[in-house]
Amino acid sequence: MIRDLFAVLDARSARANRRQLARITVLALLEGVTYGLALPVLAALLRGDTAGAGRWLAVLAGATVLTMLARRRQITRGAATAIGTIHALQRRLVSHLAVLPVDRFTARRSAALPQIVTAGAIGAGRGVPYQFISLVGGVVTPAVVLGVAALVDWRPALVMLLTAPLLYAVHRRTTAVVDRVEERTHAADAEASARVVEFAEAQATLRASGSEGLGRALLTDALDAAGAARRADVRREITARVGFGVAVHLAVGAVVAAVAWLLLREPSDSALLVALLVLAVRFAEPVSALGDVARDMRSGRRQVARIGELLAAGPLPVPDEPLGLPDGGLDLEFRAVGLAHGERSVLDGFTLRVPAGTTTALVGPSGAGKTTALRLAARFADPDTGQVLVGGTDVRDLAPDTLYGALSVVLQDVALTEGTVRENVLAGRPDADAEQLARAAALAGVDEMVARLPHGWDTPVGDRGAALSGGERQRVALARAALREGRVVLLDEATSALDPVNERIVARWIAGLAGRATLLVVAHQLHTIASADQIVVLGDDPAGRVVERGTHDELLALDGRYARMWRTRSAAEGWRLGPVERPDPVEEELEEEGALP
């Protein structure tokens with residue numbers, strides 16, 4: 001565990017833990033010497049040699065004072081080391097998460113992250129300052145006691161030495177068994193955590209669909225499985241502790257038998273042998289403590305292993321000598337791009353060029369690879385085959401700051417941080433002035449939104465934007481992207497957020513950026529992209545196959561797949577339930593501006 005722990009620590013924390021390990025070792029040596037000095041004191045007292053006992057008692061008192069001072073130093077510095085290590089380790093984990101490929105954050109992996117970053121970092125940070133006290137003491141202190149015993153009589157010392165392999169073998173065996181059970185417990189707990197999050201987030205859907213019972217059953221099954229795994233873990237832990245305790249008592253019994261045999265053979269040395277018997281008991285105490293700390297040690301080792309696995313997951317490669325981007329407009333190109341998730345291909349030979357300053361829309365059925373193409377353009381992952389180029393340069397040859405400095409990205413799942421509307425919009429460009437903020441807000445419809453919010457720009461958005469509607473969250477994201485003024489803009493429409501008003505706002509937003517940036521839009525609402533320079537229709541057999549390409553009018557004239565999609569959408573808009581409502585004032589404003597198709 002020591003090697004693995006130091007591998008996940010930064011240089012400063014590693015030095016602090018090495019110094020703490022040295023303090024623990026010194027303390028264990030002093031404790032062993034103190035225990036050993038009890039032998040001549042007891043022997044002298046049993047012989048009636050008070051003068052000799054006094055001399056040895058003075059030496060023992062000095063060693064005891066040194067031990068107490070060493071323990072005080074170890075405790076105070078150990079607490080500081082643990083706190084500093086936990087903080088540094090958590091900062092390193094968070095920094096590492098920030099550079100991992102975005103597509104690595106699956107639901108299951110994300111559910112395990114809080115445990116790794118919190119409990120895992122705490123367990124690893126406490127490892128040397130706390131858990132290693134018993135570990136080092138259980139090895140170093142008995143070794144010193146063994147050395148002192150050997151000076152008195154080599155035969156009981158030999159018995160002590162011969163018990164060490166037995167104790168070690170029992171410890172390793174019980175540890176291996178419990179480790180296997182704990183891995184199953186961890187997996188069951190991770191599954192239960194994922195089910196809890198899923199159950200909480202899907203409440204609206206479960207209740208509306210009448211499937212709440214199914215959701216509860218899935219969660220209950222996961223919790224039952226986690227409970228069963230924990231019970232098995234506890235049973236194994238009890239068995240392990242009992243087994244190790246029995247081994248320790250057998251070791252002590254063997255030493256007692258050896259001393260008793262010597263007493264029967266050599267009664268003249270009874271005082272020294274009785275003192276040796278007391279020392280043998282002291283030999284067993286730190287060894288017994290190993291069994292008590294074994295679970296914490298195993299837990300700490302597994303936590304360190306999980307942290308190591310997370311840190312071993314490397315970020316997307318960054319070139320040693322990154323290239324730059326040209327000034328002015330940037331085109332975006334996909335060259336025979338292929339990507340697979342397991343055995344399922346999500347893009348197969350996808351080829352597309354988006355000229356600088358133009359707008360291209362991707363449409364097609366679910367599973368056609370539209371969102372995947374956009375995420376590859378943002379380098380949330382790298383393709384298995386082919387290239388994605390921005391400004392003629394492969395995105396893998398660009399430094400992250402260079403690439404993301406040229407991009408503005410709006411995803412389906414709008415991510416807002418807990419703060420105000422203003423803070424979330426300015427996250428795209430913190431140094432923006434009032435005029436730039438107002439222009440971006442007007443383009444995305446945020447100006448109208450903040451006018452009716454209770455605290456205007458200073459309205460809190462809540463946890464992950466929960467205080468805003470889906471459409472309002474998307475408006476904030478659109479304003480944030482517009483404020484960045486990226487030369488390449490990637491937009492993945494959020495279907496659920498596009499009510500008629502927000503659909504028209506998206507159309508105005510796209511029209512407002514047309515010609516000023518290179519736009520790639522994944523479109524779910526066809527009316528928002530009717531004015532695009534080119535519309536690319538993707539098929540799903542194979543995924544990413546371009547089946548049609550052209551302008552809105554050209555594709556309608558072609559009377560192919562796009563035309564059928566358009567007619568279906570237009571026919572659906574003709575359906576009404578109840579009386580037609582009055583026009584929304586925002587819709588009227590957009591129509592007057594000519595931003596609607």
Inset, instruction - Enter the distance from Thr372:OG1 to Phe380:CZ here, rounded to the nearest 0.5 Å. - result: 12.0 Å
Legend entry - Check: Arg480 and Leu416 side chains under 4.5 Å, non-hydrogen atoms: yes
Inset, instruction - For Gln90 and Val117, work out which heavy atoms get closest and say how close. - result: NE2-O, 3.0 Å
Inset, instruction - Compare every heavy atom of Arg549 with every heavy atom of Thr351, then report the nearest pair and how far apart it is. - result: O-NH2, 4.1 Å
Inset, instruction - Determine, stepwise, if the pair Arg422 / Leu437 fulfils side chain to side chain contact (heavy atoms under 4.5 Å, CB included). - result: CA-CA 9 Å; Arg422 185 192 309 276; Leu437 179 62; 4.0 Å; yes
Inset, instruction - List the steps and the verdict of side-chain hydrogen bond (donor to acceptor under 3.5 Å, both in side chains) for Thr371 and Asp492. - result: CA-CA 7 Å; Thr371 296; Asp492 194 354; 2.9 Å; yes
Inset, instruction - Please test Tyr562 against Leu526 for side chain to side chain contact (heavy atoms under 4.5 Å, CB included), starting from the C-alpha separation and ending with a verdict. - result: CA-CA 9 Å; Tyr562 179 82; Leu526 301 185; 4.2 Å; yes
Inset, instruction - Can you measure from CZ (Arg508) to CZ (Arg504) and round to the nearest 0.5 angstrom? - result: 12.0 Å
Inset, instruction - Dump the intermediate steps for side chain to side chain contact (heavy atoms under 4.5 Å, CB included) on Ile510 and Thr359, then the final yes or no. - result: CA-CA 8 Å; Ile510 293 173; Thr359 300; 4.0 Å; yes
Legend entry - side chain to side chain donor-acceptor pair (under 3.5 Å) partners for Arg335, two or more places apart: Glu333
Legend entry - Which atom of Val522 lies closest to which atom of Leu374, heavy atoms considered: CG2-CD1, 3.8 Å
Legend entry - Value rounded to 0.5 Å, distance of OH in Tyr404 from CZ in Arg484: 10.5 Å
Inset, instruction - Using atom types as modelled and distance alone, determine if a side-chain donor or acceptor of Glu472 lies under 3.5 Å from a backbone N or O of Ser469. - result: yes
Inset, instruction - Would you confirm whether Glu418, through its side chain, and Val461, through its main-chain N or O, come within 3.5 Å as a donor-acceptor pair? - result: no
Inset, instruction - Looking only at non-hydrogen atoms, find the nearest pair between Ala432 and Leu426 and report the distance. - result: CB-CD2, 4.1 Å
Inset, instruction - Please round to the nearest 0.5 Å and tell me the distance separating atom NE2 of His87 and atom CD1 of Ile122. - result: 13.0 Å
Inset, instruction - Would you confirm whether Arg487, through its side chain, and Gly328, through its main-chain N or O, come within 3.5 Å as a donor-acceptor pair? - result: yes
Legend entry - Close side-chain approach of Leu478 and Leu443, heavy atoms under 4.5 Å: no
Legend entry - Side-chain (Gln474) to main-chain (Gly471) donor-acceptor, under 3.5 angstrom: no
Legend entry - Glu485 with Arg429: basic N within carboxylate O range, under 4.0 Å: yes
Inset, instruction - May I ask you to check whether over 12 heavy atoms, not counting those of Asp320, lie within 6.0 Å of atom CG? - result: no
Inset, instruction - Report yes if some heavy atom in the side chain of Leu352 is under 4.5 Å from a heavy atom in the side chain of Val546; otherwise report no. - result: no
Legend entry - Validation row: Leu538, Val547 side chains within 4.5 angstrom (heavy atoms): no
Inset, instruction - Check whether any side-chain heavy atom of Thr551 sits under 4.5 Å from a side-chain heavy atom of Asp533, and report yes or no. - result: no
Legend entry - Under 3.5 Å donor-acceptor, Lys370 side chain and Val537 backbone: no
Inset, instruction - Check whether any side-chain heavy atom of Leu362 lies under 4.5 Å from a side-chain heavy atom of Leu520, and answer yes or no. - result: yes
Inset, instruction - Locate the shortest heavy-atom distance separating Ala377 from Leu490; write the atom from each residue and the value. - result: CB-CD1, 3.9 Å
Legend entry - Euclidean distance, Leu555 CG relative to Arg564 CZ, rounded to 0.5 Å: 12.0 Å
Legend entry - Sidechain-backbone polar pair: Ser13 side chain, Thr85 backbone, donor-acceptor under 3.5 Å: no
Legend entry - Derivation and outcome, side chain to side chain contact (heavy atoms under 4.5 Å, CB included), residues Thr417 and Glu423: CA-CA 9 Å; Thr417 58; Glu423 289 169 342; over 6 Å; no
Legend entry - Close side-chain approach of Thr358 to Leu519, heavy-atom, < 4.5 Å: no
Legend entry - Sidechain-backbone polar pair: Gln534 side chain, Gly550 backbone, donor-acceptor under 3.5 Å: no
Inset, instruction - Just say parallel, tilted or perpendicular for the rings of Trp566 and His552, cut-offs at 30° and 60°. - result: perpendicular
Legend entry - Any Asp397 side-chain heavy atom under 4.5 Å of Glu321 side chain: no
Inset, instruction - Determine whether more than 12 heavy atoms belonging to other residues, nucleotides or ligands lie under 6.0 Å from atom CZ of Arg452. - result: yes
Inset, instruction - Report yes or no: does Arg516 contribute a side-chain atom to a donor-acceptor pair with the main-chain N or O of Gly512 at less than 3.5 Å? - result: yes
Legend entry - Asp382 side chain vs Arg396 backbone, donor-acceptor pair below 3.5 Å: no
Inset, instruction - Could you tell me whether the side chain of Thr385 and the main chain of Gly338 form a donor-acceptor pair under 3.5 Å? - result: yes
Legend entry - Asp348 versus Ser345, side-chain donor and acceptor atoms under 3.5 Å: no
Legend entry - Separation of Leu332 CG from Leu389 CG (nearest 0.5 Å): 8.5 Å
Inset, instruction - Can you establish whether the number of heavy atoms outside Asp327 located under 6.0 Å from its atom CG is more than 12? - result: no
Inset, instruction - Flag the pair Glu448 and Arg475 as a salt bridge only when some basic side-chain nitrogen lies within less than 4.0 angstrom of an acidic carboxylate oxygen. - result: yes
Inset, instruction - Determine, for Asp10 against Arg12, whether the closest basic-nitrogen to carboxylate-oxygen distance falls under 4.0 angstrom. - result: no
Inset, instruction - Apply salt bridge (Lys or Arg N to Asp or Glu O under 4.0 Å) to Arg567 and Asp559, showing your working. - result: CA-CA 10 Å; Arg567 286 195 296 269; Asp559 197 25; 2.8 Å; yes
Inset, instruction - Please check if atom CZ in Arg353 has more than 12 non-hydrogen atoms from other residues, nucleotides or ligands closer than 6.0 Å. - result: yes
Legend entry - Heavy-atom closest pair, residues Ala378 and Val409: CB-CG2, 4.3 Å
